[in-house]
Amino acid sequence: MKKNILFEAINYVDDDLVEDALSPKRDRNPGTYRFLAAAAVFTVIMAAALTFGIMNDSPVISIDNNTTVSYPDNTLSVPKSEAKRS
Amino acid sequence: MTDASIISLYWERSEKAIEETDLKYGKLCRHLSNNILNNISDAEECVNDTYLTVWNSIPDENPNSFSAFICRIVKNLSLKRLEYVTAQKRKPEMLASFDELQNCISSESLPEDIVDAEELGKVISSFLREQSRENRNIFLRRYWYFDSVKEIAADYGMKQEKVSAILFKMKNKLKKYLEKEGYCI
């Protein structure tokens, strides 16, 4: 057999690389992992924003003397007296 | 059984060690040997010789990676055996893999007596570590394990053309890397 130094040298490649090559399954592209991670973070943020948004948009009725039926963004603020009437 | 447990059995000189090795790595060893020899009975004999070699080696050596250790032994024994068989019996896949790599480096510029294969192996390891895991493993499946492009493509869910393209690019990169490292005059 004709000798080829490179062919022989490959036999000396580090053990961990040789072992890793036995893992048969295809790796996802690192870009795919980044995309999936970003999508997961985005979903969590959106879910949190929606949850707090819904909670904050709900009318809040406090029970002290200054009670008003109000929305957090001040789009609607009803004085206590009117709130009682309604 | 874990590799550590199998190695422990060798240390205890329990014959169950060979049984467990065959159970876990027999198929892989036969596949690798058959890739080189293209003969099932020759491959079987090499695998049995491998177990004997492992049996005799383990008290002196404590391999970090048992799978790589056993694969290296079966590969070396199969290559030695290949030297005794006729050229007609050589497997085209293994020879094709051999021929493909010849273009990466000029053997005239690298007389065997001045180049240490082990040292060059370390340089190739460094090169492979810079590649993506998938490309690296495809390269090793082709040139270390002698798997065919078809087998690799099936395992990685790729078309054969893509595997060939990856190998082609890797070889070119390796050639440039070796030149940069001073392995080409």
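Remember, predicted model here, so these are calculated numbers, not experimental data. Labels below follow one simple rule: chain letters A, B, ... track the order of the sequence lines, proteins then strands, and each chain is numbered from 1.
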Is there a side-chain contact between [X] and [Y] (heavy atoms, below 4.5 Å)?
| X | Y | result |
| --- | --- | --- |
| B:D116 | A:Y12 | no |
| A:E8 | B:L120 | no |
| A:E19 | B:N64 | no |
| A:L22 | B:Y145 | yes |
| B:S65 | A:V18 | no |

Exercise: identify the closest heavy-atom pair between A:A9 and B:I124: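 Closest approach of A:A9 to B:I124: CB-CD1, 3.9 Å.
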At a 4.5 Å cut-off on heavy atoms, which part of B:I152 comes close to chain A: side chain, backbone, both, or neither?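 Neither; nothing under 4.5 Å.
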Heavy-atom distances under 4.5 Å only: say whether B:F66 touches chain A with side chain, backbone, both or neither.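 Neither; nothing under 4.5 Å.
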With a 4.5 Å cut-off on side-chain heavy-atom distances among I, L, V, M, F, W and Y, is there a chain of contacts connecting [X] to [Y]?
| X | Y | value |
| --- | --- | --- |
| B:F168 | B:L174 | no |
| B:L23 | B:V54 | no |
| B:M1 | B:W55 | yes |
| B:L9 | B:W11 | yes |

Greater than 12 external heavy atoms within 6.0 Å of B:L52's CG: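 Yes - once you tally the heavy atoms of other residues, nucleotides and ligands closer than 6.0 Å, there are more than 12.
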Residue B:E130 excluded, over 12 heavy atoms near CD under 6.0 Å: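 Enclosed: over 12 neighbouring heavy atoms sit under 6.0 Å from CD of B:E130.
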Is the side chain of B:S125 donor-acceptor paired with the backbone N or O of A:D14 at a distance under 3.5 Å, no angle test?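 Side chain of B:S125 to backbone of A:D14: a pair is present.
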Nearest-0.5 Å distance that lies between atom CD1 in A:I10 and atom NZ in B:K75: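 Answer for the CD1-NZ pair, A:I10 versus B:K75, is 7.5 Å.
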Give, for atom CG of A:L17 and atom CZ of B:R136, the distance between the pair rounded to the nearest 0.5 Å.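 So the gap between those two atoms works out to 5.5 Å.
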